[in-house]
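Notes follow the structure.
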Amino acid sequence: MTNTPAEDDERDLQSSEEADQTPVTVSDPVPAPERVRAPRAAKERPVTPMKPATDETRKKESMSVELSAPESLSARIREFKSSTKVSMPTLVLDAVEATVDDLPQLIAERLGVQHPKAAQRKLFDRPAPTVRISSRDEKTEAYPMRMRTDHVAVLDQLKDEVGAPSRNLLMVVALDAYLPGGDDES
C-alpha cells in the first residue's frame with residue numbers, strides 16, 4: 001500500500017518524537033592527532049668559549065649616575081647643550097677636565113673653608129659635611145645619565161683629592177665654573 005504525502009509526514013514526525021525521547025550516549029571527543037615535526041638538521045656552529053672580563057672590557061661597562069643641579073645651573077646646561085649638541089656625560093667630563101686645577105679652591109669656596117688644603121686633610125673619621133647645592137628656595141633638576149665605570153672611578157678619586165663631600169657637588173661646581181653665564185662673567 002502506498003502512503004500519501006500527509007501520512008509520510010506524520011510518520012516522520014512520530015519517528016522524530018521517538019528519537020527525541022531516546023537517550024543518546026555521547027562519547028568524549030576524539031583529540032586531534034598531534035603534529036609530529038620532522039627534526040631539523042642540526043647546524044654546525046662553532047662553539048666560542050666566553051672570554052673572561054679584562055680591564056679593557058671593564059672600561060666599556062657603564063653605570064647610572066645622576067646629577068642634581070640647581071635651576072639656575074640647569075638653565076645654563078640646557079642652553080649650552082642645545083647650542084653644542086653634546087651629551088650630558090661629555091659635558092660633565094669636559095667641565096671637570098677644564099676646571100680640574102681650580103677645583104680644590106672652588107670646592108673650598110663652596111664649602112666655606114678658608115684654606116683648600118684644610119678641606120683635604122682628614123685626621124678623624126667623620127662624615128662628610130652636608131652641603132646644599134642650591135638655596136632652600138631654588139628647585140633642583142635631575143639629570144640621569146650613563147657613564148663608563150672607569151670615568152666614574154676617576155670622578156670619585158678626584159672627589160676625594162679635592163675635598164668634595166660628594167660626586168654630585170664636584171660635578172655641579174665644575175659645571176658652574178665651566179659653563180658661560182656664571183657669576184664670575186659679566
Side-chain angles (χ1 to χ4, degrees), residues 47-186:
V47 177
T48 308
M50 290 186 64
K51 296 178 184 174
T54 62
D55 286 340
E56 198 57 39
T57 58
R58 280 191 196 101
K59 285 181 183 177
K60 296 186 188 327
E61 293 175 2
S62 65
M63 64 183 286
S64 181
V65 175
E66 186 171 293
L67 169 70
S68 180
E71 278 185 340
S72 57
L73 180 59
S74 292
R76 293 167 45 212
I77 289 171
R78 283 190 301 274
E79 185 179 324
F80 188 83
K81 283 183 64 180
S82 69
S83 66
T84 61
K85 307 292 185 214
V86 298
S87 68
M88 193 63 197
T90 300
L91 176 58
V92 168
L93 297 178
D94 288 349
V96 170
E97 284 181 334
T99 61
V100 70
D101 294 332
D102 300 328
L103 280 175
Q105 183 64 36
L106 294 169
I107 295 291
E109 289 171 8
R110 182 64 69 109
L111 293 175
V113 176
Q114 295 295 328
H115 305 286
K117 294 292 180 189
Q120 292 177 340
R121 192 171 178 197
K122 300 281 185 185
L123 297 175
F124 306 101
D125 184 22
R126 297 182 290 170
T130 303
V131 179
R132 293 193 56 83
I133 58 169
S134 61
S135 69
R136 293 204 183 275
D137 298 335
E138 189 175 18
K139 295 180 182 176
T140 59
E141 188 171 335
Y143 292 93
M145 59 186 131
R146 301 285 304 169
M147 293 182 98
R148 286 182 21 187
T149 53
D150 60 325
H151 292 165
V152 175
V154 169
L155 288 174
D156 287 341
Q157 180 182 355
L158 186 60
K159 167 190 77 86
D160 294 335
E161 288 175 13
V162 299
S166 68
R167 182 188 323 132
N168 189 71
L169 184 69
L170 173 80
M171 294 187 293
V172 166
V173 168
L175 285 166
D176 192 32
Y178 177 73
L179 293 173
D183 292 337
D184 57 340
E185 293 184 12
S186 299

query: For Thr140 and Glu71, what are the C-alpha separation, side-chain angles and deciding distance, and is it a side chain to side chain contact (heavy atoms under 4.5 Å, CB included)?
result: CA-CA 5 Å; Thr140 59; Glu71 278 185 340; over 6 Å; no
Partner set under side-chain hydrogen bond (donor to acceptor under 3.5 Å, both in side chains) for Ser72, not counting sequence neighbours: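 For Ser72, the residues satisfying side-chain hydrogen bond (donor to acceptor under 3.5 Å, both in side chains) (neighbours in sequence not counted) are Glu138.
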For Thr99, side-chain hydrogen bond (donor to acceptor under 3.5 Å, both in side chains) partners two or more places apart |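 Thr99 satisfies side-chain hydrogen bond (donor to acceptor under 3.5 Å, both in side chains) with no other residue.
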Margin query: Between Arg110 and Asp176, is the side chain to side chain contact (heavy atoms under 4.5 Å, CB included) condition met? List the steps.
Written below: CA-CA 11 Å; Arg110 182 64 69 109; Asp176 192 32; 3.5 Å; yes
- Query: If you measure only the distance, is there a donor-acceptor pair under 3.5 Å linking the side chains of Ser68 and Tyr143?
  - Reply: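 The criterion, which ignores hydrogens and geometry beyond distance, is not satisfied for Tyr143 and Ser68.
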Check your understanding: Heavy atoms, side chains only, cut-off 4.5 Å: are Val92 and Pro89 in contact?
Key ->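 Sidechains of Pro89 and Val92: no contact.
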Give me the atom names and distance for the closest heavy-atom approach of [X] to [Y].
X      : Y      : result
Ala69  : Ser74  : O-OG, 3.5 Å
Leu179 : Leu73  : CD1-CD1, 3.9 Å
Val172 : Pro70  : CG1-CD, 4.3 Å
Leu170 : Ile107 : CA-CD1, 4.2 Å

Measure the spacing between [atom1] of [X] and [atom2] of [Y] and express it to the nearest 0.5 Å.
X      : Y      : atom1 : atom2 : value
Gln105 : Asp102 : CD    : CG    : 8.5 Å
Leu103 : Lys159 : CG    : NZ    : 13.5 Å
Glu97  : Thr90  : CD    : OG1   : 10.0 Å

* Got a sec, which pairs hit salt bridge (Lys or Arg N to Asp or Glu O under 4.0 Å) with one end in residues 77-95, sequence neighbours left out? ->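 Applying salt bridge (Lys or Arg N to Asp or Glu O under 4.0 Å) to every pair that reaches into residues 77-95, excluding sequence neighbours, yields Arg78-Glu141.
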Next item on the list: Could you tell me which residues satisfy side-chain contact (heavy atoms from CB on, under 4.5 Å) with Val152, sequence neighbours excluded, listed by chain and number?
Entry: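 Testing Val152 for side-chain contact (heavy atoms from CB on, under 4.5 Å), a comparison that skips the adjacent residues, returns Met63, Val65, Met147, Asp156, Arg167.
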Partner of Leu91 under side-chain contact (heavy atoms from CB on, under 4.5 Å), chosen from Leu175, Leu67, Thr84, Val96: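 That would be Leu175.
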Quiz item: Are any side-chain N or O atoms of Arg146 and backbone N or O atoms of Ser62, one a donor and one an acceptor, separated by less than 3.5 Å?
Solution: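 The answer is yes, because a donor-acceptor pair under 3.5 Å joins these two groups.
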